[in-house]
Structure formats: C-alpha cells, structure tokens
Undergrad: 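First, the structure itself, so that you have it in front of you.
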Amino acid sequence: MKTKREIKFSIFLKLIILIIIFTVLVNVSIGFILRRSFDRAHMRPPASHMIKMQQYILDDIGNPPDTVKADQILKDVKFDIRFETSTSKYTSNKDLPTIEELKSERDFDDTEKSIMIRSARKFYRVIKLDDGYVIFAQPSPIDEIDIESVIFPLVIIFSILAFLLYISLRWIFGPIKKLSEGVEKISSGDLESKIDVKGNDELENLAASINEMSVNISGMLKAKETLLIDVSHELRSPLTRIKLANEFVEEEKIKKNIREDVIEMESMISGMLETYRAENTGRKPDLKKTDIVLLLKNVISKFSYDKIHFQSKFDKRELLIDPEKIEIALRNIIDNAVKYSEGKPVEISISGNEKNKNETVIAVKDHGRGIEQEEIYKIFEPFYRVDKSRDKKISGYGLGLSIVRKILDLHKAKTEIYSKPGEGTEFRITFIK
Ligand code: ATP
Ligand code: MG
C-alpha cells in the first residue's frame, strides 16, 4: 500500500520564493544604480526655487534686457536663456528654440504671463515681458545622467543575477536528471536499483513512488515465477501417475500417444525447473577452469538438429567460468537459434580477439526470422516473447534469455545481438579471462 508522503517545500513554492527574491533583487539593483546616477548628476533646485531663480535672473538682466549683463550673469549660473524684444535679441545657446518655434508647439497669446512648453523632449518656460519674451530652458536632471554609468553596472548585476538564477534552477530541477537515469535503469530491467532524490518536494515524492513501483513489480514478477515453478513441480506427481496408469492401457496406439504427450510435458517441466534453479542457486558463480571448446561441443551434441555448423579457432581454450551455468546459457541461446531459424543452418563459432588476447568470443548465428530493432532490448525480460500469436506454435515461456542475461552478468561477459528481420540473428558473447 502506498502512503502519501507530506511535501514540505513544493516545487511551486520554491519557484514562487525564487521569483519574489529575484524580482526584489532586480528592483533594488535598478533603484540603487539609478539613484547613484541621479546623485552624481548635477543637482538641480526644486521647481519652486527654479521659478524664483529665473525671476532673480530676469530682474538682474533688466527690462528691457541688457545683453552685456546677461552674458555676465549666465557665466556664473547654469541656465540657458533667449530673449527677444523689439530692440534686442539674445541667446546664451543657439540651440534654444525661438519664440515662433515654441508657438508652433503650443500657441499662446499675450494674456499668459508664464507658460511651460515641451518641445523636442525638453521643457521651456516662456515669460512675457512688456516688449517681447524671454525663454528659459528648464534643466532636467535626466539630461545630466551619463548613460554608460547606468548600463555598465546594470549589465554586470543582471549577469550575476542570471547566474544565480541558473544555479537556483539547477538546484531545484537537478534531481530530474537523477530521476531519468534511475527510470532508465529500472526500465532496462534492473528492478533492484533505487533512485535517491532528496528535496522534500514533488520530485522526491516521485522518486519514492517509482522506487515503490519497482519493488512492487519485482514482487509481482517473483510471485509469478514462484507460481509457475510451484505449479510445474506439482504437475510432476500426476504425470507420474498418468505414466503408470498408461501402462495398463491395452490399445497400443493410444498408449503410444499418451506416452509421447507425457514425455513432452515432462521435458517442458524440467526445462522450467532447471531455469529456475539456474537463477536461484546463489548469486555467486561457482568458478572453475573449464575448456570452453569441449563444453560447447558437448552442448551442441545434445541437439538433434543436423544443420548446426561448429567452428573453433582453438583446440582447447580454458576459461574461469561456472560450467553448469554457462552450459545453461549456451543451451538457451542455441535452442533459440534452432527454434527460430525456420529450418535454416545455425553457425556456431569460438574465436579470439586479435587486439585483445584475453578475450574469447562465442558467436551463434542463425538465418531465421530475426528480431525487430525495438524488440531487441525487451527479449531479455522474463516472460517476454516477440510475437505471441506466432510464437504459440513454437514452445517456450520467454524465460530463456532472462536466465541467459543473469548468468552472463554474473560472469561479467559482454553480450551483443545483431539482428535483421527476415535475415537472421547473431548472438556474440565475449568472455574476458
Ligand atoms: P524459453 O526460452 O523460455 O523456452 P523463448 O525462447 O520464447 O522461451 P527467450 O529465449 O527468452 O524465450 O526468447 C525471448 C523471445 O526472443 C523469443 O520468444 C523470440 O521471440 C525472441 N528470440 C530469441 N532468440 C531469437 C532468435 N535467434 N531469432 C528470433 N527471435 C528470437
Ligand atoms: Mg528460448
């Protein structure tokens, strides 16, 4: 039974906290940098003082304005000014717009004494004199900000924040990599492997569920195997009784048929029990120096199929193996080659490796139906048969190769399969001395 684990820090909570922290950091850093830049920018008096200052300047210059005085005053005060009267025209900066230009932005008449006008993204104050106008450029602190001094630190801070964000996201989603590796291992048949993910979040929960699932599947498979084995075992006694009773059947033909059926059933049962034993007689192989050439010849001799061609590069080749288990593995591989070769020849060979003298390669090649690419990794799963309806005609339980894999894994032997549907299959087993 699955118990639902409590999640302390949901991934969504983590993400929300992360988003809040980074929003605050981004805002604080932008605020801090802009503030610093404003501080550095030329300090400007507030708007109310500005009007007063402009009035003082105007009083000093006189009415009508005195251009010489204006030059003197504006040297000390950082204001730009233009005035136009019927008698004089003056501007401290030739870029300042004329009264006509400002009027084109916003029309005004003589009744207005002081007008604010925005032109070309700058502000100007127009003050009406008795005989003409004076224009003050309204200084803006933004004009004074050095854009580079803002952009450069912002780029650095954003890069640091982006890096921190990357690290945090990796920390939150890092376990996904472990999860996918773990799931891959489990799906490749290693039901014992466990996924270790910590984090008190949904991913840890998911890992725990997957672990639980693989334990359950492995339990179910074991139960299925045990049932199969128990049933096979129990079938032996009634079979023996049938055999005995058959002796009393008088009609020879019926007697013969029953005997043949019983023999077939017995061989199926002993095959199943044997595979079970191969799997369960201890995890450790009982290693002995064994002549693999002799062992393989021996296995082949037990097949009544007359199209097995055997070839060996060696007369004798000693390997440290568990002979009983390797015999079972080889018998299963050859049995498949014969079963699925559709009457065509089966080639079996023992060879070495030119590059690595320690290696011994056993190849079993048939020219039968072959296996589809996507089925190849599945055929090692217990009870897996490629085409169940077609395979019904050929006896088997899909157990052979699962045993083969276990035995070869115990020997740390490498297994390769090359197969093309319709052309045949080659099993290559490499033993390292
Ligand atoms: P069992 O070995 O338990 O009697 P089986 O032969 O069906 O039954 P495995 O030996 O595990 O089971 O093989 C699994 C499946 O792989 C087979 O059912 C068959 O579909 C496929 N297979 C194995 N060897 C070959 C081969 N040489 N050519 C084509 N298909 C093969
Ligand atoms: Mg088989």
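Both ligands and their constituent atoms are indexed starting at 1 by order of listing. Along the sequence shown, residues are numbered consecutively beginning with 1.
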Undergrad: Just going by heavy-atom distances, which of V404, V386, I403, D335 is nearest to atom 21 (C) of ligand 1?
TA: V386

Undergrad: Can you establish whether the number of heavy atoms outside E324 located under 6.0 Å from its atom CD is more than 12?
TA: no

Undergrad: State whether N332 contributes an N/O/S atom found under 2.8 Å from the Mg ion (ligand 2).
TA: no

Undergrad: Is it the case that the side chains of T98 and R82 hold a donor-acceptor pair, with the cut-off being a distance below 3.5 Å and no angle test?
TA: no

Undergrad: So among D95, T91, L96, which one has a side chain to side chain contact (heavy atoms under 4.5 Å, CB included) with D80?
TA: L96

Undergrad: Could you tell me which atoms of ligand 1, counted from 1 in the order shown, lie closer than 4.0 angstrom to a heavy atom of G398?
TA: 1 (P), 3 (O), 5 (P), 7 (O), 8 (O), 11 (O), 12 (O)

Undergrad: Check this for me: E374, atom CD, are more than 12 non-hydrogen atoms of other residues, nucleotides or ligands nearer than 6.0 Å?
TA: yes

Undergrad: So, the side chain of E202 versus the backbone of I11: is there a donor-acceptor pair under 3.5 Å, distance only?
TA: yes

Undergrad: Which atoms from ligand 1 have a heavy atom of K339 less than 4.0 Å away?
TA: 4 (O), 5 (P), 6 (O), 8 (O)

Undergrad: Side chain or backbone of L401 under 4.0 Å from ligand 1, or both, or neither, by non-hydrogen atoms?
TA: both

Undergrad: When you measure from the side chain of D201 to the backbone N and O of E204, does any donor-acceptor pair fall under 3.5 Å?
TA: yes

Undergrad: So for ligand 1, is G400 a polar contact partner (N or O within less than 3.5 Å, distance only)?
TA: yes

Undergrad: Please work out, at 4.0 Å between heavy atoms, whether the side chain, the backbone, both, or neither of I371 comes within that distance of ligand 1.
TA: side chain

Undergrad: Heavy atom under 4.0 Å from ligand 1: found in Y384's side chain, backbone, both, or neither?
TA: backbone

Undergrad: Looking at F152, I want to see if its CZ is surrounded by more than 12 non-hydrogen atoms of other residues, nucleotides or ligands under 6.0 Å.
TA: no

Undergrad: Have a look at ligand 1 and work out which part of D366, if any, has a heavy atom under 4.0 Å from it: side chain, backbone, both or neither.
TA: side chain

